Each structure stands twice: as C-alpha cells, then as structure tokens.
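Below: the structure, in structure tokens.
Everything quoted here is computed from the prediction, not taken from an experiment. First listed ligand is number 1; within each ligand, the first listed atom is number 1.
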Amino acid sequence: MSETLLLEAVAVTKRFPGVLALDGVDFKVRAGAVNALVGENGAGKSTLMNILSGVYADYEGTLKRQGQPVRFAQVAEAQQAGIAMIHQELNLVPHMTVAENIFLGREPLNATGLIDYPTMKANAKGLLDRLQFDASPDSLVADLRVGQQQLVEIAKALSKNAQVLIMDEPTSSLSEKEVELLFDLICSLKAEGRGIVYITHKMDEIRLLADYVTVFRDGRFVHEGTADSLCLADLVRYMVGRDTKDFFVKTQHAIGPERLSVEGLSLEDAAHPGQFILQDISFSVSSSEVLGIYGLMGAGRTELLEALFGVHGKRVKGAISIDGQPVAIRTPKEAIHHGLALIPEDRKRDGLVLGMTLEQNTSLASLWQFLTYGLLSQRKEHKEAESYRNSLHIKSHSCCQQAGQLSGGNQQKVVLSKWLLTHPRILLLDEPTRGIDISAKNDIYALMDKLAGEGMAIIVVSSELPEIMAISDRILTLCEGRLTATFDKDAFSEEAILKAALPGCKEGDVPR
Ligand SMILES: Nc1ncnc2c1ncn2[C@@H]1O[C@H](COP(=O)(O)OP(=O)(O)OP(=O)(O)O)[C@@H](O)[C@H]1O
Ligand SMILES: [Mg+2]
C-alpha cells in the first residue's frame, strides 16, 4: 500500500471556551487509502476535520500538506490546497439549483464575463452522471431528500478535483442503493490516488472500506493501525477505554393488555393518486411490548409511524383503536392527546433550538410538567435534564451549555431526552440510534427496556438487523408498503427477516 502522505496533522490542540476538544492529536491522510476516524460522540472527530478543511483557523499544532507545513486561514485556502469536506450538517443553499450549488463561487464565465449557464449545467450533469444520480442540474436543492443533498455535496467536492476528501458520517441519510454507489465511488477515488477520511459509527462500513483506522477518545489520539490488523473487540476497547459489556440483552417483561391496534391501514401517495405508500396493514402492540419494524429504505417504515401519529391526516384510511376504543387521529396534536409520541428520524430538522441550553431543549415538548401556578420551575427542569444527561451520557460541561455547542451525536441524545420526557403511553421511535456511538446505543436500549418495564408500548423502526433483533419482542417486516411477515422472538433469524423485507418475496414464503 502506498505511503505518500497527502495531509498530516501533528500535535493539534483545539480549545473551545471551557472545553479542550482536541489535545495534541496526530492524524494522517495517505494517497490511495481510506483512513477511518472513529470514536465516541464528542471525541473530537468533526473538530479535527473542521481544522483540516480550514473552518477553524485558531488551533495549536501543525498541518502538513505533502510534507510542507501549511496553515489555512479559511475554507477557500484549504480548497485551493485540494481538501474538500462533506459535512455532517449539510452546507448547501436550499433555494439554489443543484448546478449553482456545485459551482458556487467558481461559476464558469463566458466571453462577456457572465455566468456561462450551459457549460455549468453540462459540467454538473457530468458529475451527477458519475455518481449515477439522476437529478436534473436545474432541480432546487430544497426539493431533494437529505440523501440526495448529500450526493450534491459529494459532486461539489469532486468538481473541485480535491485530492483529500473528508466525509463526516456520509451514509447516515443515504438509502441502501445510494450507499452502494458511494462505496463504489470511494473505491474509484482511491484508485485515482486520492486520500479519503471517513468518519463513521458503523462497524460494517469500517470493515468494508477502511485501509487504516484511527481512534480518538475524549479529544486524544489513542490508536492508528491498518484495518485488517484490528478486531472489533480491540476497536471498541480503544474507543471506550475499557472492555465493553456484551451486546445489550433485553429483559423479558410480562406483556400487558393490548394498547394499540391497527386494522387495514392504508396511505395513498399524494403525488400519485391511486398508488399506495402503505397498504392494508394490520397489527397490534401491547403494554410493555417492544414491537420492531424492519424494512429497507423506501419500504414505508417512516410513513407508517407518521400515519399513526396523524402526520398524514385524512389520507390515512383504516381503523385505529387504543385500549380497545376506536380513535380518530388526524393531527399530531390528537396523537399526543391519545398518549402517542413520535421521535422522528430527521431529528436535526424537527429537533433542537441550537441557541437554547441543553435543559431548555429537554423540557421543550413537555413544559406543562414544569409549571407550578403558571411559573416554570427551573429546578425541576434542571433535575430532569440532569437525569437524562447522566443516563444517556450526554457529553457537555453542564445542562446550561448551549445545544449548538454539542457534538452531532450528543445533540441527537438531547432530542431523544426531550421526547422521552413527554412520558407517552405509546412511543414511536424512528431509527433512534442513528449517529450515536456504540456505548450510547446500549444506554438507549437500556432506557427503552426500562420504559417497557414501566408499561409503555414501544414501536421502533431500525434498519440494523442485529439491533432490532436485540431490542424487540416481536418484529414486523415491511416491503413496498405492505406487511410481509411477523416474527415472534423465538423465530428471529437474520436470514428470514431479511428475506421477508426484500422485494419479490411473496406472502406465504415466510412465516407469519
Ligand atoms: N462550537 C463549539 N463550541 C463549544 N464546544 C464545541 C463546539 N464544537 C464542538 N465542541 C465540543 O468539542 C468536543 C468535540 O466535538 P466534536 O463535534 O468534534 O465531536 P465528534 O467526535 O465529531 O462527535 P459526534 O460523533 O457526536 O459527531 C465536544 O465536547 C463538543 O461539545
Ligand atoms: Mg461529529
């Protein structure tokens, strides 16, 4: 494997007010190789990448570009040096087109000095084709799904002909198909001699992609080695600094009475009348039960939770009962009134007020709990936020820290706390552990287990098979908007569940 160093960080330290985010870390980007950077939420991964790509100029230590010390005072300088970053939070301009976003600030000009739109569009089209992404260069970015926006970011990085590409959790909102395309692309970028930095919490991605693995913990460098010399147990030990407990084992709670039942639920596609996003779905979930919903991206998982939560209003047909009583849920407000809560997948969008503190964010969805004679009890608010901060190990210097200052994964945990605090009777969770590190995942599983033990009925969507098998009492599989199978705990098998979720598998092929 080649050892040409494209970019190197030596003894880099970065302080934020009250936080030492990086403490003398080293990091290397080699030509033709992927260096996966891993570590728990708040380990300092995004911070280092922001330094490599010129976002933060005030740090101690040295960056070397092909052996020469460099210092980027701004993003444009890093770009000039061939370094491009695809951010964890997307950085596009929503009301501009795909082509305009890709070439923002570097638009091709014609002889009269005006933007040469035909060339710009043609160049954009070439890049999109390379990504096998069939959006038009004229589409508005605001009209694209998050996963597609991510592809635009990647096209933008390619357009700069960057030698070093930094990807911060790039697959968190991509579909399986888009992930495959991205992985193919990374392989071809490697073959061209580019260096890739790949930040992820997903162990299977490390196995598939990484040539080198670097581990940070609490802002410190812990380990770097070749990926094939590292086993999972070692990796986890480097990340958390101790041997981990075995994978979460669920408590077997006595399942209570039936809480929610759904008969013949359908959801018509607003854009294509006569077509259905969900069709004829019937199931129930009981008190103290965790019902897992597994399906591939696009199977209708998120839409099913949204339909139950009243997001799709009257477009949802079918009968829903709660505690044996028929109910009509046409709005999220009605859903909340009936004791439902939905923790959405896109937690960033529906999630946090970045300028408010952690505890203010935590209480936001359940302020009524904190009112005494109409006044907000800050003591109570503080106590609840503090208890979630401890149980989910939210890394922050206190509950009074601004949410905007937390790392990506820790922000996710605050959003989770906020919804859990609403104490619903029926909790709907959509991919609750996305972007969350390995040990925090276990904390979330344990919390779900505790809530089930207290009688809550829980429906959880996950696209990770080992996860959903570990946390559920029963699993339903969805495929192309239909329920294809139901598995009781003793019938859980990765192969059977996956088979039931794959298109082309007919009802009756799998156990019900
Ligand atoms: N703008 C900021 N102001 C203050 N503190 C910050 C800021 N950005 C990051 N931090 C702190 O720096 C530390 C490292 O954060 P960073 O975002 O680099 O973590 P990360 O490894 O990317 O985590 P995640 O996996 O959750 O994305 C955290 O303690 C975080 O709270
Ligand atoms: Mg991060």
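Among Gln402, Arg15, Gln405, the residue whose heavy atom lies nearest to atom 5 (N) of ligand 1 is Gln405.
If you look at His201 next to ligand 1, the close heavy atoms, those under 4.0 Å, all belong to the side chain.
The aromatic rings of Tyr238 and His223 lie parallel to each other, their planes meeting at an angle below 30°, with 60° marking the opposite boundary.
The salt bridge (charged side-chain N to carboxylate O under 4.0 Å, His left out) check on Glu289 picks up Arg474, with sequence neighbours excluded. Considering only residues two or more places apart in sequence or on other chains, Arg425 meets the salt bridge (charged side-chain N to carboxylate O under 4.0 Å, His left out) condition with Asp323.
Put simply, the side chain of Gln369 gets close to the backbone of Leu421: a donor and an acceptor are under 3.5 Å apart. Side chain of Glu224 to main chain of Phe27: no donor-acceptor pair is present (N/O by atom type, distance under 3.5 Å, no hydrogens or angles).
Below 3.5 Å of separation, one finds an N or O of Ser46 facing an N or O of ligand 1. Checking only distances, Pro17 never comes within under 3.5 Å of ligand 1, N or O to N or O. Here's the thing with Gly404: none of its N/O atoms is less than 3.5 angstrom from an N/O atom of ligand 1.
Stacking of Lys441 on the aromatic ring of Tyr445 is not recorded, the 6.0 Å distance cut-off and the 45° axial limit not both being met.
For ligand 1, the atoms closer than 4.0 angstrom to any heavy atom of Ala21 are 12 (O), 13 (C). Residue-ligand proximity, Gly409 to ligand 1, at heavy-atom distances under 4.0 Å covers atoms 24 (P), 26 (O), 27 (O). Numbered from 1 in the order shown, with element, the atoms of ligand 1 that lie under 4.0 Å from a heavy atom of Asn41 read 23 (O), 24 (P), 25 (O), 26 (O). Using a 4.0 Å cut-off to heavy atoms of Ala43, the atoms of ligand 1 that qualify are 19 (O), 20 (P), 21 (O). Within the listing of ligand 1, atoms 31 (O) sit less than 4.0 angstrom from a heavy atom of Leu406.
Within the coordination shell of the Mg ion (ligand 2), defined by N, O or S atoms under 2.8 Å, Ser407 is absent.
Contact record, Ser417 with Leu392: OG-CD1, 3.8 Å, taken as the closest heavy-atom pair.
The closest approach between Gly39 and ligand 1 stays at or above 4.0 Å for every heavy atom of the residue.
The number of heavy atoms from other shown groups lying within 6.0 Å of CD (Glu60) is above 12.
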